[in-house]
There are 2 protein chains.
Amino acid sequence: MSRHFGAQETDCPVRICVSVDRGSENPMKGLRSKARREMVQASGHLFQLLGLPRSTGQNYGLFYLSATPQSLDDIVGNLGISKGSASTGTRCLLAWGALKQVRTQGQRRDYFEAVGELRVVLSNAYRDYVKTRIATYARRLATMVSLLEEDSKTGALDKSEAKFCAQRLGQLDKMHQTLRGLAPWAEKFLN
Amino acid sequence: MSRHFGAQETDCPVRICVSVDRGSENPMKGLRSKARREMVQASGHLFQLLGLPRSTGQNYGLFYLSATPQSLDDIVGNLGISKGSASTGTRCLLAWGALKQVRTQGQRRDYFEAVGELRVVLSNAYRDYVKTRIATYARRLATMVSLLEEDSKTGALDKSEAKFCAQRLGQLDKMHQTLRGLAPWAEKFLN
DNA sequence: TGATTTGTTCAAAGCATATTGAACGAAATT
DNA sequence: AATTTCGTTCAATATGCTTTGAACAAATCA
């Protein structure tokens with residue numbers, strides 16, 4: 001009804017953005033380069049937007065603009081995050097193929113650097129993340145179809161409601177088919 | 001180094017999935033249809049994955065499989081969420097164009113139903129969400145380029161480091177251009 | 001072998017967002 | 001005009017993810 005004064009049709013009461021990363025509070029002590037700082041913040045922001053830990057994104061941002069391999073302690077010093085976070089984030093990025101380990105002779109520390117080809121990283125993300133998600137929801141869709149049949153039998157839904165629901169599920173399935181059709185293109189783009 | 005027993009290269013220590021919605025704890029009292037239950041859960045899950053409130057997704061899931069317009073109290077009864085959440089979520093979905101209000105004569109309640117054409121909903125989401133994000137990050141990228149120049153002057157980065165960073169930023173810009181090239185296709189797909 | 005360095009783990013604390021629910025205002029009803 | 005019905009708001013609470021940091025284990029060093 002929009003009964004109240006401030007209520008406008010176009011207002012969305014839910015926050016869509018992520019909280020800002022005020023670089024002043026998180027020191028980034030060792031980072032003299034402003035460009036790196038901005039990259040670290042932007043990357044952290046993006047990761048958070050994608051539902052991933054901000055610190056992992058900061059981690060990657062630093063690597064992405066680092067010409068020389070970095071150790072865990074470099075990360076800790078540059079970003080001002082705990083060693084635990086640095087370790088966890090680094091291993092996560094390794095697992096995604098976003099980072100690679102650089103073995104240095106006579107060095108006891110582990111050194112890492114970003115995988116240069118962003119395509120590779122995105123391709124991995126697509127395979128591990130997007131593709132599996134789509135498959136999962138497709139499975140749930142199939143579940144719904146059979147549950148719908150069950151509902152018809154048990155009388156949980158009357159005939160017209162069941163028909164309506166079947167239409168809607170059909171629309172979702174059609175969309176899934178379209179997505180499947182797009183997949184080869186997406187893969188070609190990434191490879 | 002993978003120094004420890006359990007540490008495998010392919011393990012990612014960070015949770016990528018969202019917590020499951022055990023339907024048993026959240027009652028969904030009034031929902032007899034199992035298909036609707038599954039849809040509510042799946043939709044809530046998907047929203048959460050996209051960084052949106054789960055309850056808003058549950059809300060939409062219910063509408064999507066409802067043949068008849070639903071009121072706020074219907075939502076509250078069906079999903080077992082508070083009226084506050086129901087109101088907030090509904091207004092949010094309205095603002096996105098995912099729901100439309102149905103005016104019923106001689107009825108004092110507000111009734112809503114899902115917008116049937118999923119294309120429209122996704123098109124709105126693309127415009128309000130994806131497109132603006134890309135623009136934001138493109139802006140930050142431009143900022144980095146100028147900060148990099150500044151770093152070169154102040155000596156925060158030496159020559160070879162600056163060159164390396166410039167290459168990396170160039171790669172990102174190239175990717176942005178590619179994305180921009182894809183945008184018309186995406187829009188055509190959605191319209 | 002013992003001491004030191006380094007990476008990993010995970011319980012606890014911190015933090016940010018989602019949800020609730022009671023108070024409120026507007027509209028409809030009596 | 002008073003009462004009832006609704007939708008909205010927002011402070012307080014609940015929830016769940018992230019981060020920390022200390023304890024630990026492996027590897028290197030002396």
Side-chain angles (χ1 to χ4, degrees), chain A residues 1-9 11-22 25-26 44-45 47-59 71-76 79-92 94-95 101 103-112, chain B residues 1-9 11-22 25-26 44 47-59 70-76 79-92 94 101 104-112:
Chain A
M1 277 184 200
S2 290
R3 291 170 203 266
H4 295 280
F5 185 65
Q8 296 165 322
E9 283 254 342
D11 268 10
C12 174
V14 175
R15 74 178 293 130
I16 299 299
C17 51
V18 297
S19 62
V20 292
D21 177 7
R22 283 179 293 292
E25 298 182 8
N26 244 34
H45 189 266
F47 269 55
Q48 193 174 14
L49 193 67
L50 297 174
L52 303 168
R54 170 185 284 182
S55 71
T56 304
Q58 295 175 322
N59 208 327
S71 71
L72 282 193
D73 284 328
D74 291 334
I75 301 168
V76 170
L79 301 181
I81 64 176
S82 72
K83 202 163 186 180
S85 278
S87 170
T88 306
T90 300
R91 288 209 302 121
C92 194
L94 269 178
Q101 191 164 351
R103 303 219 165 262
T104 339
Q105 280 202 341
Q107 271 289 9
R108 166 174 191 177
R109 273 204 165 85
D110 292 346
Y111 283 89
F112 306 94
Chain B
M1 279 182 200
S2 289
R3 292 170 203 267
H4 296 278
F5 186 64
Q8 296 165 320
E9 283 255 344
D11 267 10
C12 173
V14 175
R15 76 178 293 130
I16 299 297
C17 52
V18 297
S19 61
V20 292
D21 178 6
R22 285 180 292 293
E25 298 183 8
N26 242 34
F47 269 57
Q48 194 174 11
L49 194 67
L50 298 174
L52 303 168
R54 171 184 282 182
S55 71
T56 304
Q58 295 175 320
N59 207 326
Q70 307 281 308
S71 70
L72 282 192
D73 283 327
D74 291 333
I75 301 168
V76 170
L79 302 182
I81 63 177
S82 72
K83 201 162 187 182
S85 279
S87 170
T88 306
T90 300
R91 288 208 302 122
C92 194
L94 268 178
Q101 190 163 351
T104 339
Q105 280 202 344
Q107 270 289 10
R108 145 180 209 185
R109 273 202 164 85
D110 291 346
Y111 284 88
F112 306 93

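Note that the coordinates shown come from a computational prediction; the quantities given were computed from them, not determined experimentally. Here is how names work: the chains are called A, B, and so on, in the same order as the sequence lines, proteins then strands, and each is numbered from 1.
- In this structure, of C/dG7, D/dT19, C/dT20, it is C/dT20 that holds the atom nearest to the side chain of B/S82.
- Nearest heavy-atom pair, A/A86 versus A/V76, reported as atom, atom and distance to 0.1 Å: CB-CG2, 4.1 Å.
- For A/R108 against C/dT6, no side-chain N or O and base N or O form a donor-acceptor pair under 3.5 Å.
- Residue B/D74 contributes atom CG, which lies 16 Å from atom P of D/dT5 at whole-angstrom precision.
- For A/I81 and D/dG21, the CD1 to P distance is 12 Å, given to the nearest whole Å.
- Set against C/dA18, C/dG21, D/dT9, the side chain of B/P53 has C/dA18 as its closest nucleotide.
- In this structure A/S82 satisfies the side-chain contact (heavy atoms from CB on, under 4.5 Å) test together with A/S85, sequence neighbours excluded.
- For A/R91, a side-chain nitrogen or oxygen approaches OP1 or OP2 of C/dT9 to under 4.0 Å.
- Between the CG atom of B/L50 and the C1' atom of C/dA18 there is a distance of 16 Å, given to the nearest Å.
- Rounded to a whole Å, the OH atom of B/Y111 is 9 Å from the P atom of D/dG7.
- At least one side-chain heavy atom of A/S87 sits under 4.5 Å from a side-chain heavy atom of A/L72.
- Between B/Y111 and B/D74 the shortest side-chain heavy-atom distance falls below 4.5 Å.
- As a whole-Å value, the separation of A/R54 CZ from D/dG16 P is 21 Å.
- Closest approach to the B/S87 side chain among D/dG7, C/dT9, C/dT6 is made by D/dG7 (side chain taken as heavy atoms from C-beta onward).
- Residue order along DNA chain C, read from the 5' end via each residue's closest nucleotide, puts A/S85 first among B/T56 and A/S85.
- Rounded to an integer number of Å, the gap from CG of B/L49 to P of D/dG16 is 16 Å.
- When the nucleotides D/dC6, D/dT18, C/dG7 are ranked by their closest atom to the side chain of A/D110, C/dG7 comes out on top.
- Within 4.0 Å (heavy atoms only), A/S55 reaches sugar-phosphate atoms of the nucleic acid but no base atom.
- Computed from coordinates, the A/Q48 CD to D/dT18 P distance equals 9 Å when rounded to whole Å.
- For the OP1/OP2 pair of D/dT20 and a distance below 4.0 Å, the side-chain nitrogens and oxygens of A/K83 include no atom meeting the criterion.
- A heavy-atom distance below 4.5 Å is found between the side chains of B/I81 and B/I75.
- Here C/dT4 presents its C1' atom at 12 Å from CZ of A/R109, a figure rounded to the nearest Å.
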